[in-house]
Amino acid sequence: MDRFFFNTDVNTDKKNMLLDQDNIPSHIAIIMDGNGRWAKQKGLPRVAGHREGMKTITNVVEKANDIGIQFLTLYAFSTENWKRPKTEVDFLMKLPERFLDKELPALQKNNVKVKTIGDPSLLPPHTKQAVDKAVRETENNSGLVLNFALNYGGRHELVEAVRKLGREVEHGHLKPEDITESLFSDRLLTSEIPDPDLLIRTSGEIRLSNFMLWQLAYSEFWFTEVLWPDFNGGHLVEAVQRYQQRKRRYGGV
Ligand code: V07
């Protein structure tokens with residue numbers, strides 16, 4: 001029983017938080033789906049859902065920090081999302097600035113380190129600048145790593161890694177037989193981040209949508225019908241509890 005921790009902090013959540021402190025996932029990845037549907041249900045424009053979804057991030061980061069998660073990767077914008085109407089894309093590209101203008105001081109205070117994965121080359125300069133600034137200003141923080149997948153695509157990442165390795169072979173720095181799983185991982189955008197222990201996808205869709213294809217090979221998956229704007233710290237704890245139940249059932253020792 002000493003391995004369990006009963007959280008009574010009034011500032012965190014009303015729900016009792018019973019988590020095994022020796023089995024907290026290091027890295028949680030989240031596909032934040034259902035913002036458009038949330039808005040539609042309320043008769044609001046899709047962008048209202050995105051705005052509300054941004055508020056959820058603040059809440060979830062706080063709870064992730066509380067329970068001792070070390071890495072949190074959020075799928076903010078996929079390589080496929082460019083196909084959406086231009087007005088929606090333009091709005092989405094303003095969200096990193098909006099989020100950071102409002103939240104960067106709190107992230108600093110909480111020792112959060114902002115990182116990104118994805119191809120920055122297609123981002124509008126204003127978006128890229130805001131993100132670069134947040135990464136730069138938090139690079140010496142040692143707490144939770146908040147990793148935004150922005151213009152990220154799993155297949156694109158894999159193809160880029162293959163190209164890198166191809167060039168290394170071409171220049172004689174590497175022999176094909178030297179390429180191992182570990183070396184391959186080192187050429188991915190997540191080379192400095194461990195693979196996710198847990199993937200969460202909101203809004204009831206049961207698919208990966210080109211997210212972290214290599215990195216999720218051994219992860220636990222947790223899907224919920226809850227739409228991202230309705231997701232909260234209590235749901236995060238529930239996902240971690242389910243993760244811990246599965247680990248107890250199937251894990252070694
Ligand atoms: C976006 C809000 C959350 C719901 C999902 C889609 C819409 C935060 C960011 C962000 C990205 C990089 C960064 C800081 C914040 C973001 C996009 C969309 C494109 F350094 N939320 N959010 N970026 N949504």
Side-chain angles (χ1 to χ4, degrees), residues 28-42 44-64 71-108 110 112-139 141 143-153 189-190 193 199-205 209-212 224 226-233 235-236:
I28 298 182
I30 308 183
I31 302 176
M32 308 180 286
D33 200 9
N35 304 288
R37 203 183 308 167
W38 180 91
K40 195 174 175 201
Q41 284 176 3
K42 295 197 144 42
L44 298 167
R46 285 176 62 79
V47 294
H50 297 317
R51 199 184 299 118
E52 198 63 26
M54 213 166 65
K55 295 186 195 159
T56 303
I57 295 180
T58 305
N59 198 271
V60 165
V61 170
E62 206 172 286
K63 181 58 90 180
F71 301 89
L72 182 66
T73 297
L74 303 177
Y75 206 1
F77 194 89
S78 80
T79 48
E80 286 76 34
N81 287 156
W82 297 108
K83 293 182 216 142
R84 293 187 179 176
K86 186 180 183 306
T87 48
E88 185 177 341
V89 169
D90 288 349
F91 182 90
L92 286 167
M93 285 300 137
K94 287 183 195 135
L95 291 185
E97 289 149 282
R98 282 210 201 169
F99 178 85
L100 293 165
D101 278 348
K102 185 156 175 282
E103 299 299 335
L104 193 55
L107 296 175
Q108 285 289 20
N110 293 321
V112 172
K113 183 170 174 160
V114 177
K115 277 183 167 255
T116 63
I117 51 171
D119 181 356
S121 68
L122 293 174
L123 301 177
H126 63 93
T127 309
K128 206 179 159 312
Q129 279 159 20
V131 173
D132 286 349
K133 175 172 170 277
V135 170
R136 210 178 333 111
E137 290 183 1
T138 61
E139 71 184 348
N141 290 352
L144 174 90
V145 172
L146 176 55
N147 183 33
F148 286 101
L150 198 54
N151 192 25
Y152 174 86
L189 300 169
T190 49
I193 295 181
L199 170 77
I200 297 173
R201 182 171 187 149
T202 57
S203 189
E205 308 295 342
S209 302
N210 205 15
F211 189 46
M212 301 185 95
T224 175
V226 175
L227 307 178
W228 180 249
D230 295 326
F231 192 87
N232 61 35
H235 297 113
L236 187 75

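Counting convention: from 1, in listed order, for ligands and their atoms alike. On a predicted model such as this, the values are computed, not experimentally measured, just so you know.
Ion pairing between K86 and D90 holds under the 4.0 Å rule for side-chain N and carboxylate O. Between E52 and K55 there is a salt bridge, with a side-chain nitrogen of the basic residue lying less than 4.0 Å from a carboxylate oxygen of the acidic one.
Annotation: the span from L72 atom CG to I57 atom CD1 amounts to 9.0 Å, rounded to 0.5 Å.
In this structure, L107 and F99 have side chains that are in contact, with non-hydrogen atoms separated by less than 4.5 Å. Residues M93 and L123 form a side-chain contact, since some pair of their non-hydrogen atoms from C-beta on lies under 4.5 Å apart.
Partners of K42 under the salt bridge (Lys or Arg N to Asp or Glu O under 4.0 Å) rule, at least two apart in sequence or in another chain, do not exist in this structure.
The contact shell of ligand 1, taken as protein residues with any non-hydrogen atom closer than 4.0 angstrom, comprises M32, N35, H50, G53, M54, I57, A76, F77, L92, L95, P96, F99, L100, V131, F148, L150, W228.
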